[in-house]
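A, B, ... follow the sequence lines: proteins, then strands. Residue 1 opens every chain.
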2 protein chains.
Amino acid sequence: MPARTPSSSGKPTRAGIVQIAARLGVSPSTVSRALRPETAHLVEAERRKAILDLAEQQRFSPNPGARMLRKGVNPTLTVVVPLDENIFFSEFYGRFLSGTLHAAAARDWDVHICTLHARAGADFRETMQHLGLDTSGIIYLAEPLPKAAVEQLRGYRRSLILARSCLPPGIVVRDIGSPVVGVDNIGGARSAASLLLQLGHRRIGLLLGPPTSRDAFERKAGYLEVLERGGVAPKSQWVFEGPFSTEGGRAGMNAMLKLETRPTAYCCANDEIAFGAIDAARAAGLECPRDFSVVGFDDGMWATASRPALTTVRQPLSELAERAVGLVIEGATAPGKAILPMQSDMPAALVIRDSTRAIGTAP
Amino acid sequence: MPARTPSSSGKPTRAGIVQIAARLGVSPSTVSRALRPETAHLVEAERRKAILDLAEQQRFSPNPGARMLRKGVNPTLTVVVPLDENIFFSEFYGRFLSGTLHAAAARDWDVHICTLHARAGADFRETMQHLGLDTSGIIYLAEPLPKAAVEQLRGYRRSLILARSCLPPGIVVRDIGSPVVGVDNIGGARSAASLLLQLGHRRIGLLLGPPTSRDAFERKAGYLEVLERGGVAPKSQWVFEGPFSTEGGRAGMNAMLKLETRPTAYCCANDEIAFGAIDAARAAGLECPRDFSVVGFDDGMWATASRPALTTVRQPLSELAERAVGLVIEGATAPGKAILPMQSDMPAALVIRDSTRAIGTAP
DNA sequence: ACTTGCAATGCAAACGTTGTCATTCATGGT
DNA sequence: ACCATGAATGACAACGTTTGCATTGCAAGT
């Protein structure tokens with residue numbers, strides 16, 4: 001029968017800085033110091049190496065809970081993304097995430113990423129509670145929130161930033177308890193419409209996103225404002241609302257192609273819609289920009305890679321992410337200070353390329 | 001002058017279950033129990049209400065660190081992605097990441113994501129050592145590793161999975177200390193080339209990726225193998241190597257356009273290359289698939305959205321991610337057991353769409 | 001009246017890490 | 001020889017919750 005002394009048990013000394021310390025005959029303090037880069041210099045080189053090696057061999061990693069308890073925060077923020085498999089196809093998430101990653105790294109924070117597996121029954125607040133136990137801040141970038149959920153969020157204690165795209169169109173941003181970051185959709189849309197006006201277009205169509213999306217809603221408002229002020233409000237047949245996809249763009253353009261008098265230019269709420277529209281028109285023998293002009297929205301990678309290169313509105317997503325990260329970290333580290341609900345709008349700049357042309361101009 | 005006794009200080013009893021308890025003259029245990037739904041029934045109703053009310057009024061929320069320390073944490077795995085701003089534009093990362101997220105969530109693991117801020121001086125092994133401290137398992141998906149780095153990794157004890165795309169072409173996978181996951185590039189490339197052969201093409205060009213990339217290398221091998229066996233090895237002018245981008249495709253196609261006898265079909269190592277090629281040809285008046293056929297590789301979102309819809313090879317990235325997550329978790333939880341170095345190839349299936357056509361066929 | 005059982009609560013020991021302070025020992029300057 | 005300096009380390013007390021166990025009443029069963 002094997003001896004029953006604890007030391008001989010098969011368990012590989014599970015977890016713990018103290019076990020590591022014991023194995024090496026040093027104190028836990030020393031191990032703790034050796035393990036963290038910022039204090040590692042305090043430990044003699046040889047000993048440090050021994051500690052690191054043993055830690056690796058034992059597959060040790062310090063308990064984040066304990067660390068967090070001790071230090072107050074643990075430098076980790078969580079980005080909540082939608083469940084949808086396809087989110088990454090939209091460059092929005094990719095670019096935002098990439099920006100987050102860099103901004104966080106610059107501040108020495110880690111980035112968690114997770115989806116929200118909404119548990120039936122549990123209300124949204126509860127789900128959020130459960131979510132971020134091990135992080136000090138949350139950036140919400142996921143499914144659009146129903147109004148009720150947004151209201152439950154008021155008084156949520158941890159550092160939480162919402163992306164404005166995730167809010168339903170109806171809600172006033174000021175009413176929300178958390179900071180909200182977003183791109184200046186209205187301003188961007190205004191620039192797009194203004195450009196078309198300046199180029200002499202008077203019949204301008206709108207290929208919009210789904211009315212449930214706040215982004216779509218705001219962009220529409222921006223387009224319409226400029227067109228109406230310019231006295232060229234679009235006929236109702238010139239306004240099409242569909243999904244934010246090439247299919248949406250195709251459907252919209254096909255609808256326009258059936259009309260007797262068509263727009264000479266289109267504001268598309270999205271690059272993908274723009275590509276779909278251009279392509280559907282091409283199938284009907286119409287070329288952009290020879291026969292019509294198009295302005296997109298996003299400035300994704302294909303805006304430059306496609307032909308014609310797309311005139312579009314640049315979403316400053318990395319700046320947006322930078323801002324979100326800054327706010328969330330501030331909220332997580334500013335001790336007592338309540339986080340001010342505030343709105344940050346990042347400007348959206350027009351990028352002029354080859355899909356727009358003054359009306360009636362020969363190449 | 002105000003009294004200086006601690007009880008009368010202005011501080012609003014910052015944080016803490018004990019302060020709440022003190023205010024109500026009950027023990028911390030009771031407060032703790034009252035605060036959590038699952039134990040709330042242990043506390044007398046009236047008292048519970050009092051506690052909850054005070055907690056609300058004091059804007060109390062339990063210290064997540066302490067709670068975490070008590071309850072234990074779920075383990076995390078870390079995905080290492082390249083520093084490059086643009087990685088998310090390549091759908092590879094997005095889809096892989098999305099798959100990782102789902103696979104990890106299904107097993108109740110959390111996902112970290114980080115880049116490798118290579119600190120000057122520190123060698124790769126050391127960097128990994130530090131990285132490994134904060135996580136239970138690592139999936140390496142970042143910059144291609146130089147041979148030296150790969151060798152340093154031998155004997156690394158933590159759970160680490162490498163994506164085959166991150167290895168330099170020259171290295172034999174069996175020689176590596178860690179499990180490697182990857183897509184069956186060779187098989188996929190074979191299918192692509194075989195399809196073109198079957199459609200009757202005999203002059204087949206290759207628009208490849210950069211020779212430093214293992215993916216490019218393997219795909220090239222797959223194409224060539226089939227073509228050579230079919231007796232239609234491409235002339236050297238028909239083989240072009242460039243970046244994995246539309247620009248690469250454009251450059252390649254433009255080179256082909258200058259030749260007297262051009263290929264009638266092209267294997268492109270990448271969807272983007274394929275799009276670039278199609279577009280460059282169109283600029284010269286050649287239409288796909290009327291005048292030439294193209295097969296891509298990846299099956300990204302634009303493969304279906306563009307016109308012609310692209311015949312391409314589907315990379316089973318979510319399955320790949322699933323596999324990687326499975327392996328990394330296994331490696332992290334199997335106690336003493338060393339992780340077997342092994343290679344997992346996920347099959348890559350051909351998806352036939354509209355960019356390929358039998359040679360000489362009228363529409 | 002004496003168990004017995006139950007409900008409500010308090011006590012105190014973890015949980016694993018880190019920062020402060022004190023201790024030890026070697027070094028170099030006077 | 002003595003003190004000052006500094007590097008390397010150890011001892012120890014937090015950090016705020018949770019939970020097993022002990023305690024106290026109180027009601028019901030014998």
B:Gln19 CD to D:dC15 P, straight-line distance once rounded to whole Å = 10 Å

Atom-to-atom span, CG of B:Asp134 to P of C:dT17 - whole angstrom | 12 Å

Rounded to the nearest 0.5 Å, the OG atom of A:Ser27 sits from the CG atom of A:Leu24 at a distance of 11.0 Å

Atom CD1 of B:Ile20 and atom P of D:dT17 are separated, to the nearest Å, by 9 Å

Could you go through the side chain to side chain donor-acceptor pair (under 3.5 Å) check for B:Ser29 and B:Ser32 one step at a time?
-> CA-CA 5 Å; B:Ser29 323; B:Ser32 170; over 6 Å; no

Length of the line joining B:Leu69:CG and D:dT18:P, which is rounded to integer Å | 11 Å

Length of the line joining B:Arg48:CZ and C:dA8:P, which is rounded to integer Å | 10 Å

So, is A:Ser27 near the phosphate of D:dA11, with a side-chain N or O under 4.0 Å from OP1 or OP2?
-> no

Answer yes or no: does a side-chain N or O of B:Arg36 lie under 4.0 Å from OP1 or OP2 of D:dT19?
-> yes

B:Val43 has its side chain closest, among D:dT17, C:dT9, C:dG19, to C:dT9

To the nearest Å, give me how far apart CG (A:Leu35) and P (C:dT17) are.
-> 9 Å

Rounded to whole Å, CD1 of B:Ile51 lies from C1' of C:dT9 at a distance of 10 Å

Base, sugar-phosphate, or nothing for A:Ser32, non-hydrogen atoms under 4.0 angstrom?
-> base

Between B:Glu126 and A:Lys49, is there a salt bridge with N-O shorter than 4.0 Å?
-> no

With no angle test and no hydrogens, is the base of C:dG10 tied to the side chain of B:Arg33 by a donor-acceptor pair under 3.5 Å?
-> yes

5' priority, DNA chain D, between B:Asn63 and B:Thr30 [closest heavy atom] | B:Asn63

Return yes if the base of D:dA11 and the side-chain atoms of A:Ser29 contain a donor-acceptor N/O pair under 3.5 Å, otherwise no.
-> yes

So which heavy atom on B:Ser136 is nearest to which on B:Pro75, and how close?
-> OG-CB, 3.7 Å

Donor-acceptor side-chain pairing of B:Thr76 and B:Thr135 below 3.5 angstrom = yes

Closer to the 5' end of DNA chain C via nearest nucleotide, is it B:Ala66 or B:Val26?
-> B:Val26

Would you indicate what B:Arg47 reaches in the nucleic acid, counting non-hydrogen atoms under 4.0 angstrom: base, sugar-phosphate, or nothing?
-> sugar-phosphate

Protein-nucleotide distance (B:Ile17, atom CD1; C:dA14, atom P), rounded to Å = 20 Å

